[in-house]
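Start at 1 with the first residue, then count along the sequence. One-based numbering, in listed order, for ligands and for the atoms of each.
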Amino acid sequence: MTPLRWGILGPGRIAPRLVRAIAACPRATLAAVASRDPDRAAAFAAAHAVPRSFGSYAALLAAPDVDVVYIALPNHLHAEWTIRALEAGKHVLCEKPLALTVADVDAIAAAADRTGRIAVEAFMYLHHPQILHAVDLARSGALGRLELIDGSFTFFLSHPGDPRAEPSMGGGSLWDVGCYPVSFARRVAGEEPERVTALARFDERGVDWTFIGQMRFPSGLLAQFDSGFAAPDRQRLEIVGGDATLVLDHPFLTAPDGPPPSLTLRRAGEATRVEIPPVDQYAAEVDDLSAAILDGAEPRVSIGFSRGSIAVLADLDRAARTSAGLAVG
Ligand SMILES: NC(=O)c1ccc[n+]([C@@H]2O[C@H](COP(=O)([O-])OP(=O)(O)OC[C@H]3O[C@@H](n4cnc5c(N)ncnc54)[C@H](OP(=O)(O)O)[C@@H]3O)[C@@H](O)[C@H]2O)c1
């Protein structure tokens with residue numbers, strides 16, 4: 001079997017995790033990297049033993065010996081380069097958020113249909129066994145009737161000039177890390193919220209540095225979350241059912257990039273640890289896309305799921321910007 005040949009657009013901070021992941025997957029091999037700057041591309045290629053480097057993203061897309069493109073660019077470039085890669089005949093793994101508007105997700109879906117290629121949003125944590133287990137447990141009824149999902153993801157943003165703090169580049173903690181607890185709640189609910197509310201602390205340029213949001217699903221399930229750039233590292237998910245509660249202490253970044261998985265089931269005053277082996281969730285997402293391309297399997301993160309994510313994030317963002325802080329989803 002010939003492994004799929006991957007190319008990376010954007011040799012930034014996240015790209016080395018995909019270098020590691022692709023190296024761990026027998027059905028994938030890293031063929032090329034591209035930067036806007038030929039020297040940066042060459043330096044990344046040398047540091048990570050990538051066979052070829054390109055001094056423009058378009059040049060990598062024109063390379064016939066690349067099958068899949070990983071897009072690790074700032075948020076405002078995701079839709080444009082995903083569509084350009086699809087139109088160049090490549091399959092795409094694009095970092096989250098897949099786009100900043102529902103119209104752009106629809107344009108990606110149309111390009112995928114037109115070209116017969118697959119585009120997947122890189123929500124790596126959704127491939128981790130601890131998340132698969134938590135979602136299955138909650139949806140099986142083992143926690144009783146689901147009442148509430150509570151999630152957090154914060155860190156200090158200290159990197160000067162980071163695109164995450166740029167209003168014109170899809171900045172803000174909601175789009176950067178709030179998207180994790182929002183996607184988790186939707187995964188557990190298995191449907192889209194019918195109403196959202198939100199409040200945020202925006203900087204003088206309108207970028208949120210702390211965000212709190214709430215969602216109500218048609219089943220009655222409630223979810224709330226906070227995200228932020230101005231607080232220490234916090235990551236947590238709690239699923240509250242009528243019979244039991246499940247707590248995930250490190251739901252989004254686990255070993256080898258964070259602490260090992262930690263799931264605790266609390267029922268009738270007793271806490272039970274659920275043992276989950278550590279896995280490289282980035283390798284799991286590469287395997288998932290390989291199976292979609294080579295075997296015709298359904299990708300775990302469908303375009304439809306991503307469309308729902310972007311719609312809810314846009315609704316939450318709008319809700320926080322209205323004077324009342326309220327909106328109907
Ligand atoms: N799934 C995860 O675990 C995870 C973790 C972190 C980030 N992310 C996502 O991955 C994406 C990239 O994040 P990152 O932390 O790797 O970002 P980064 O370090 O800022 O790198 C982004 C790369 O984009 C390229 N770029 C193109 N146009 C740019 C512009 N106008 N300004 C700045 N850079 C530009 C740059 O490469 P050249 O200039 O060399 O071409 C840069 O190296 C984001 O969408 C983020 O949400 C995901």
Heavy atom to atom 22 (C) of ligand 1, shortest distance: which of Cys179, Gly10, Ala72 holds it?
Ala72
Hey, mind stepping through Leu126 and Glu285 against side-chain contact (heavy atoms from CB on, under 4.5 Å) and telling me if it holds?
CA-CA 8 Å; Leu126 287 175; Glu285 83 180 344; over 6 Å; no
Can you report which non-hydrogen protein atom sits closest to atom 3 (O) of ligand 1, along with the distance?
Tyr282 OH, 2.6 Å
Which atoms of ligand 1 are found less than 4.0 Å from any heavy atom of His78?
45 (O)
State, yes or no, whether a side-chain contact exists between Ser152 and Pro181 at a heavy-atom distance under 4.5 Å.
no
Taking Asp208 as the fixed residue, which of Leu174, Asp203, Leu199 is the one that meets the side chain to side chain contact (heavy atoms under 4.5 Å, CB included) rule?
Leu174
With respect to atom 29 (C) of ligand 1, which of Arg36, His159, Gln281 exhibits the smallest heavy-atom separation?
Arg36
Counting heavy atoms only, name the option from Arg164, Arg40, Met169 that's nearest to atom 6 (C) of ligand 1.
Arg164
Which of the numbered atoms in ligand 1 are below 4.0 angstrom from a heavy atom of Tyr180?
1 (N), 2 (C), 3 (O)
Which of parallel (below 30°), tilted (30 to 60°) and perpendicular (above 60°) describes Phe211 and Phe225?
parallel
Mind running side-chain contact (heavy atoms from CB on, under 4.5 Å) on Tyr282 and Leu93 for me, showing each step along the way?
CA-CA 11 Å; Tyr282 297 92; Leu93 178 66; over 6 Å; no
In Å, rounded to the nearest 0.5 Å, how long is the span from CE of Met124 to CD1 of Ile131?
9.5 Å
Below a 4.0 angstrom heavy-atom separation, can you tell me which part of Ser35, side chain or backbone, both or neither, approaches ligand 1?
both
Atoms of ligand 1, numbered as shown, that sit under 4.0 Å from any heavy atom of Leu73
11 (C), 12 (C), 24 (O), 25 (C), 44 (C), 45 (O)
If you count heavy atoms of other groups shown closer than 6.0 angstrom to CZ of Arg20, is the number above 12?
yes
Any Val312 side-chain heavy atom under 4.5 Å of Pro193 side chain:
yes
Considering only heavy atoms, does Asp176 approach ligand 1 within less than 4.0 Å through its side chain, its backbone, both, or neither?
side chain
Who's the nearest protein heavy-atom neighbour of atom 5 (C) of ligand 1, and how far?
Ile14 CD1, 3.3 Å
Which pairs of donor and acceptor atoms, one on a side chain in residues 46-64, lie under 3.5 Å apart (sequence neighbours left out)?
| from | atom 1 | to | atom 2 | distance (Å) |
| --- | --- | --- | --- | --- |
| Arg52 | NH1 | Asp65 | OD1 | 2.9 |
| Arg52 | NH1 | Asp65 | OD2 | 2.9 |
| Ser56 | OG | Ala59 | N | 3.0 |

Enumerated ligand 1 atoms positioned under 4.0 Å from heavy atoms of Tyr57:
25 (C), 26 (N), 27 (C), 37 (O), 38 (P), 41 (O)
Does any N or O atom in Leu77 lie less than 3.5 angstrom from one in ligand 1, N or O only?
no
Can you tell me how far the CD atom of Gln224 sits from the CE atom of Met215, to the nearest 0.5 Å?
9.5 Å
So if I apply the side chain to side chain contact (heavy atoms under 4.5 Å, CB included) rule between Arg164 and each of Leu157, Asn75, Val207, which one comes out positive?
Leu157
If you scan protein heavy atoms around atom 37 (O) of ligand 1, the nearest is Pro11 CD, 3.5 Å
So is Leu253 polar-close to ligand 1, meaning N/O to N/O under 3.5 Å?
no
Charged N-O contact under 4.0 Å between Arg267 and Asp243
no
Which atoms from ligand 1 have a heavy atom of Gly12 less than 4.0 Å away?
16 (O), 19 (O), 21 (O), 43 (O)
When distances are taken from atom 17 (O) of ligand 1, the protein heavy atom at minimum range is Arg13 NH2, 4.0 Å
Could you see which bit of Met124 sits under 4.0 Å from ligand 1, with heavy atoms only: side chain, backbone, both or neither?
side chain
Suppose the criterion is salt bridge (Lys or Arg N to Asp or Glu O under 4.0 Å): which pairs have a residue in residues 113-138, not counting sequence neighbours?
Glu87-Arg114
Side chain, backbone, both or neither: which part of Phe252 comes within less than 4.0 Å of ligand 1 when only heavy atoms are counted?
neither
Answer with yes or no whether Asn75 contacts ligand 1, where contact means a heavy atom under 4.0 Å from a ligand atom.
yes
Which heavy atom of the protein is the closest neighbour of atom 10 (O) of ligand 1, given with residue, atom name and distance?
Glu95 CG, 3.1 Å
Can you report which non-hydrogen protein atom sits closest to atom 24 (O) of ligand 1, along with the distance?
Pro74 CD, 3.2 Å
Give yes if a backbone or side-chain nitrogen or oxygen of Lys96 is under 3.5 Å from a nitrogen or oxygen of ligand 1, and no if not.
yes
